[in-house]
Structure formats: C-alpha cells, structure tokens
2 protein chains.
Amino acid sequence: MAQVIQDQPAEHAVGDLTDELTAYMERKGLRSTSQRRLVSEVFFSAEGHYSIDEVLAMARAKDPKVGYATVYRTMKLLVACGLANERQFGDTVTRFEIARHDSHHDHLICIECKRIVEFEDDEIEAQQEALAKRYGFRLVSHKHELYGVCPACRDK
Amino acid sequence: MAQVIQDQPAEHAVGDLTDELTAYMERKGLRSTSQRRLVSEVFFSAEGHYSIDEVLAMARAKDPKVGYATVYRTMKLLVACGLANERQFGDTVTRFEIARHDSHHDHLICIECKRIVEFEDDEIEAQQEALAKRYGFRLVSHKHELYGVCPACRDK
DNA sequence: TCGCAAGTGAAAATCGATTTCAACAAGGAT
DNA sequence: ATCCTTGTTGAAATCGATTTTCACTTGCGA
C-alpha cells in the first residue's frame, strides 16, 4: 500500500548529514572549506527540490562572495557521496534533493503551481521489478513522475 | 496484466499519419512544403526514438540540402499536432517517437547498449490513477522509465 | 501570373552545464 | 607560528543542445 509522505518531509538532523559529509571528505582527502560548509549547510537546512541558482541564492544570503561554480561543484560532491539526488522535472533545470538512504520515493508534480509532493508506493515498485524481470532486464534505477493539477489549483 | 509490445512496434500506416498532418496544416493555414513532406515521411517511416540529428541524417539521405532548423521546426510541429512525442532518456538529447492515440506506453532502457523497449502495463497505470486521486490530484500525464541491463548485455 | 505571407537554412544567440586557470587557503610538515 | 604543497575557489571561457534571427525563397490564393 502507498504510504503518505509529507509535502515537506520530516526534518533531517542537519548535523548527521554534515557528519556524513565530513567523514566522506576525510576519507577521500578532500578539504573542509568555508564554502563547502556554507553550501551544504543551507542545502541540508532548506528541505525541498532546489536548482543550482536557488542554492546559490540561499548561500549568497549568508556570504555574497560564493561563486556559482563552487555551488555547482559542492552539489556534485553531495551527489557523489550519496547525500543528494539529482532530478529533472519536466523543465530543463536540474534540481537537487536530500537523499534518504532508508526509503525510495517518487514525485507528483503540480503543473500549475509547480508544487512537488513525494510519494512511496511499494506495490508499484514491486510491479516494476516484475516487469523488468519479464523482459530479462536487471533493474538498476527508475524515474517515475506523475504530472497533474493539485487540489489547491483545481479549486481556482 | 502487462502486455508485451515489440521492440519495433507494429507498423503504422504512414499514409494515415501523413493525412492527419495534412489536415492539421490545412486547419491551421500552414503550408505543405517539400521539406515538411520529406521530414515527416522519413520520421513516420522509420519507427523508433530519434534525435533531431538522426532525423536530419535520414532526411539528408534523400535531400542533402535540408537544414537542421527545418527538421527542428518540423518535429516541433509534429509534437504540436499530436503526431509525435518528445522524450529525454537519461542523456541530454531530446528524442522523438510517433505518438499513438490508442495506447499509452512507457520505456525500459538498457544503460549499456541504450536499447529502448516499450511496455504497457494497465495495472501500474491504474495504480498511478489511484495514487494521484489519493492526493487529490487530477492526473494529466506521467513519465515512467525503468533503467537496467538488458539480457544481451548481461551475458557479455 | 503576381504578390505576399509563410517557410527555409546558415549562422548567431541563448541556455544550462561543465571546465579552465590564476589566485587563494587548508592543513600537514618544519 | 610559518612554510609549502596541493586542493579549492570564482570569474570567465567553453561546450553541447536548443532556439531564434534574418535575408532569401516558395507555396498558394487572388
């Protein structure tokens, strides 16, 4: 059965994510710079699905000197260490979301107001597996996005 | 239950598609040019998922003078009149496929050889509807792509 | 056939993602 | 604490794909 997940998912312990990042950087011999700390902090704190530009804006609110390339590279770093996922919804911009190791989720997107709701449905997941197997494929990943009009926009 | 669809789907009557296109252009006051006839013909004849460059190559085989922009605009025209769908699989290039009004299908993509298999699964479709409804969304469209390794590539 | 609005194609512009490179700074060695 | 090596930063350049521009061409109705 599908399990309802909040629009704004349960808060993550920013500290835990930061610790994981720090451990990863240490393991890889990467340096803990003020920019990386700033960018990861604003991204971990502001839960949602953000583009590079949006993360840049959040970071610049605290330090106007950070550059686009730094945010770009830091987000790639977060993806590389498994703390963020890269997504493209309909439009062309790439968005990032905090990765949760425990559960996989997909997205329901309002084509009017662009609101993004996350959902998890074990039955659909199981059927995907069955389907891939039927074609002899070893399933590695998937992209499942539902586009529609949300309740708030329907009533307008 | 899922229904198996051929890798290369059943042949379309190119004439029917052409007729639909002609009717659309007439309705909209658009002109039937030799380029539009050429591009739509090669696209309708060669079933599959093609990028602009691939359609351009097919068109140039018959008339080396056609330009990229013309193919680009013609493909957009086909999308506008509902005869083609625009898709992006993993990579950055946009691909086009013939739109079939009767049935909806999704894609199973081999991450090794890039082979694209189409599938149709009524159960998953129904579950998507149920899920959208549960969130109060009116479902408009969806994107469902499964990425994995196909049988041929598994054995290599 | 004529006139002109729509269409074509080469090239330029745009757009987002990615890389370059000189200046900078983290952090281990001294 | 200072030095030195090497990874990091940020502005700008580049890249690859898409989209637009504009002078020229062509379909097609009068």
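Here is how names work: the chains are called A, B, and so on, in the same order as the sequence lines, proteins then strands, and each is numbered from 1.
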*For atom CZ of Arg138(B), is the number of surrounding heavy atoms from other residues, nucleotides or ligands below 6.0 Å larger than 12?*
no
_Gap between atoms CE and P, on Met25(B) and dG29(D) respectively (whole Å)_ = 13 Å
_Applying a strict under-4.5 Å side-chain criterion to I, L, V, M, F, W and Y, I'd like to know whether Val149(A) and Phe89(A) cluster together._
yes
*How long is the line joining OH of Tyr50(B) and P of dT18(D), in whole Å?*
17 Å
*Which ones in residues 28-37 of chain A lie close to DNA chain D, meaning a heavy atom under 4.0 Å from one of its atoms?*
Leu30(A), Arg31(A), Thr33(A), Gln35(A), Arg36(A)
Restricting both atoms to N or O, compile the protein contacts to nucleotides 22-24 of chain D shorter than 3.5 Å, with distance only.
none

_Gln128(A) and Asp121(B): CA distance, side-chain angles, deciding distance, side-chain contact (heavy atoms from CB on, under 4.5 Å) verdict_ = CA-CA 10 Å; Gln128(A) 287 177 13; Asp121(B) 192 308; over 6 Å; no
*At the 4.0 Å heavy-atom cut-off to chain B, mark where contacts on DNA chain C begin and end, going 5' to 3'.*
dA5(C) to dA10(C)
*Under a single-linkage definition using a 4.5 Å side-chain heavy-atom cutoff for Ile, Leu, Val, Met, Phe, Trp and Tyr, are Leu38(B) and Val79(B) assigned to the same hydrophobic cluster?*
yes
*What orientation do His144(B) and Phe119(B) show, parallel under 30°, tilted 30 to 60°, or perpendicular over 60°?*
perpendicular
*Would you please confirm or rule out a distance under 4.0 Å between OP1 or OP2 of dT19(D) and any side-chain N or O of Tyr72(B)?*
yes
*Could you give the CG-to-P distance, from Leu77(A) to dG7(D), as a whole number of Å?*
15 Å
*Using only heavy-atom distances, determine whether the side chains of His107(A) and Glu145(A) contain a donor-acceptor pair under 3.5 Å.*
no
_Criterion side-chain contact (heavy atoms from CB on, under 4.5 Å) on Lys133(A) and Leu139(A), from CA distance to verdict_ = CA-CA 8 Å; Lys133(A) 192 175 210 170; Leu139(A) 195 55; over 6 Å; no
_If I take atom CZ from residue Arg87(A) and atom CD1 from residue Ile109(A), how far apart are they, to the nearest 0.5 angstrom?_
9.0 Å
*Have a look at Leu21(B) and tell me which of Leu78(B), Leu30(B), Thr74(B) forms a side-chain contact (heavy atoms from CB on, under 4.5 Å) with it.*
Leu78(B)
*Can you check whether Lys76(B) has a side-chain N or O nearer than 4.0 Å to OP1 or OP2 of dT18(D)?*
no
Could you pull out every donor-acceptor pair under 3.5 Å between side chains of residues 54-72 of chain B and any protein atom, sequence neighbours left out?
from: Glu54(B); atom 1: OE1; to: Ser51(B); atom 2: N; distance (Å): 2.9
from: Glu54(B); atom 1: OE1; to: Arg95(B); atom 2: NH1; distance (Å): 3.0
from: Arg60(B); atom 1: NE; to: Val66(B); atom 2: O; distance (Å): 2.8
from: Arg60(B); atom 1: NH2; to: Val66(B); atom 2: O; distance (Å): 2.9
from: Lys62(B); atom 1: NZ; to: Glu41(B); atom 2: OE2; distance (Å): 3.3
from: Asp63(B); atom 1: OD1; to: Lys65(B); atom 2: N; distance (Å): 3.0

*asked:* Test side-chain contact (heavy atoms from CB on, under 4.5 Å) on His49(B) and Glu118(B); report intermediate values, then the result.
replied: CA-CA 10 Å; His49(B) 302 78; Glu118(B) 300 181 348; 3.1 Å; yes
*Please collect all salt bridge (Lys or Arg N to Asp or Glu O under 4.0 Å) contacts where either partner lies in residues 13-29 of chain B, sequence neighbours excluded, each pair once.*
none
*Are Leu77(B) and Tyr24(B) side-chain neighbours, meaning at least one heavy-atom pair lies under 4.5 Å?*
yes
*May I ask you to list the residues of residues 60-69 of chain A, by number, that have any heavy atom positioned under 4.0 Å from an atom of DNA chain C?*
Tyr68(A), Ala69(A)
